[in-house]
Amino acid sequence: MFGSRGQWGTSVWFAALVSFLAILVLQAARRADIALFFLGSHATLLIARAIWLGDPLAIPLHQLQSGSLLIFAFFMISDPRTSPDSRLGRLLFALAVALFAHWLAFHMQMRPALYWALIALSPAILILDKFIPAERFTWTARALQGASR
């Protein structure tokens, strides 16, 4: 179901495991939006490319059935400490990573395009956070003022 048999296997258990772990992480971090923004942008670009080239839709659907794509979307791009603070910033960042990865993969013929796009565009997070400010993510809730311990 996900990628080649030798790399990820074809069992449903792997998809269930990745989905379960992703739900746990994204629920706690409140970052499901960036994963969905990225997956939607990436899927749209792959499907648009297939339509443009006249390829059957089975090709982009197969490209989307990758275990490494799920891990990238749910655990790498959605990391709350290295993603923009604002929802609009996360949307723009996810779209930029998908566009740059698409260009690297199909025009530059670079195989690990997603990872290189994320690495190359990570400094843009500082710019997005400066121009679209929002509350910084913390794993722990802030203590109320005047609360005793």
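Sequence positions, counted from 1, serve as the residue numbers for this chain.
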Anything under 3.5 Å between a donor and an acceptor, one on a side chain of residues 84-91, the other on a protein residue two or more places apart or in another chain? List them.
{"unit_1": "D85", "atom_1": "OD1", "unit_2": "R136", "atom_2": "NH1", "d": "2.8"}
{"unit_1": "S86", "atom_1": "OG", "unit_2": "G89", "atom_2": "N", "d": "2.9"}
{"unit_1": "S86", "atom_1": "OG", "unit_2": "I132", "atom_2": "O", "d": "3.4"}
{"unit_1": "R90", "atom_1": "NE", "unit_2": "D33", "atom_2": "OD1", "d": "3.1"}
{"unit_1": "R90", "atom_1": "NE", "unit_2": "D33", "atom_2": "OD2", "d": "3.0"}
{"unit_1": "R90", "atom_1": "NH1", "unit_2": "P84", "atom_2": "O", "d": "3.3"}
{"unit_1": "R90", "atom_1": "NH1", "unit_2": "D85", "atom_2": "O", "d": "2.7"}
{"unit_1": "R90", "atom_1": "NH2", "unit_2": "D33", "atom_2": "OD2", "d": "2.8"}

Residues passing the side chain to side chain donor-acceptor pair (under 3.5 Å) test with S83, sequence neighbours excluded, are R31
Rounded to the nearest 0.5 Å, the CE atom of M76 sits from the CG atom of L118 at a distance of 5.5 Å
Notebook entry, point to check: Out of curiosity, does W52 fall in the hydrophobic cluster containing F106 (side-chain heavy atoms, cut-off under 4.5 Å, transitive links)?
Noted result: no
Worksheet item: Out of curiosity, does F75 fall in the hydrophobic cluster containing W116 (side-chain heavy atoms, cut-off under 4.5 Å, transitive links)?
Response: yes
Q: Give the cluster check for L46 versus L36: same hydrophobic cluster or not, with ILVMFWY residues linked at side-chain heavy-atom distances below 4.5 Å.
A: no
Here the pair of heavy atoms bringing A120 nearest to P123 is O-CD, 3.4 Å
Smallest heavy-atom separation, A73 atom then A35 atom, equals O-CB, 3.3 Å
**Request:** Check the hydrophobic clustering (I, L, V, M, F, W, Y; side-chain heavy atoms under 4.5 Å; chains of links allowed) and say if L61 and L45 are grouped together.
**Result:** no
Here the gap from Q109 atom CD to H107 atom NE2, rounded to the nearest 0.5 Å, amounts to 9.5 Å
Here the gap from I77 atom CD1 to L121 atom CG, rounded to the nearest 0.5 Å, amounts to 9.0 Å
Report all side-chain donor-acceptor pairs from residues 95-104 shorter than 3.5 Å, counting only partners two or more places apart or in another chain.
none

F38 and L114 have their tightest heavy-atom pair at CZ-CD2, 3.5 Å
Determine whether I125 and F93 satisfy the following criterion, side chain to side chain contact (heavy atoms under 4.5 Å, CB included), listing intermediate values before the conclusion. CA-CA 7 Å; I125 294 169; F93 183 69; 3.8 Å; yes
- [ ] Decide yes or no for L69 and L39: does some side-chain heavy atom of the first lie under 4.5 Å from some side-chain heavy atom of the second?
- [x] yes
Correct closest heavy-atom pair for Y115 and S68 would be OH-CB, 3.7 Å
Output for pair (L64 CG, I59 CD1), nearest 0.5 Å, gives 12.0 Å
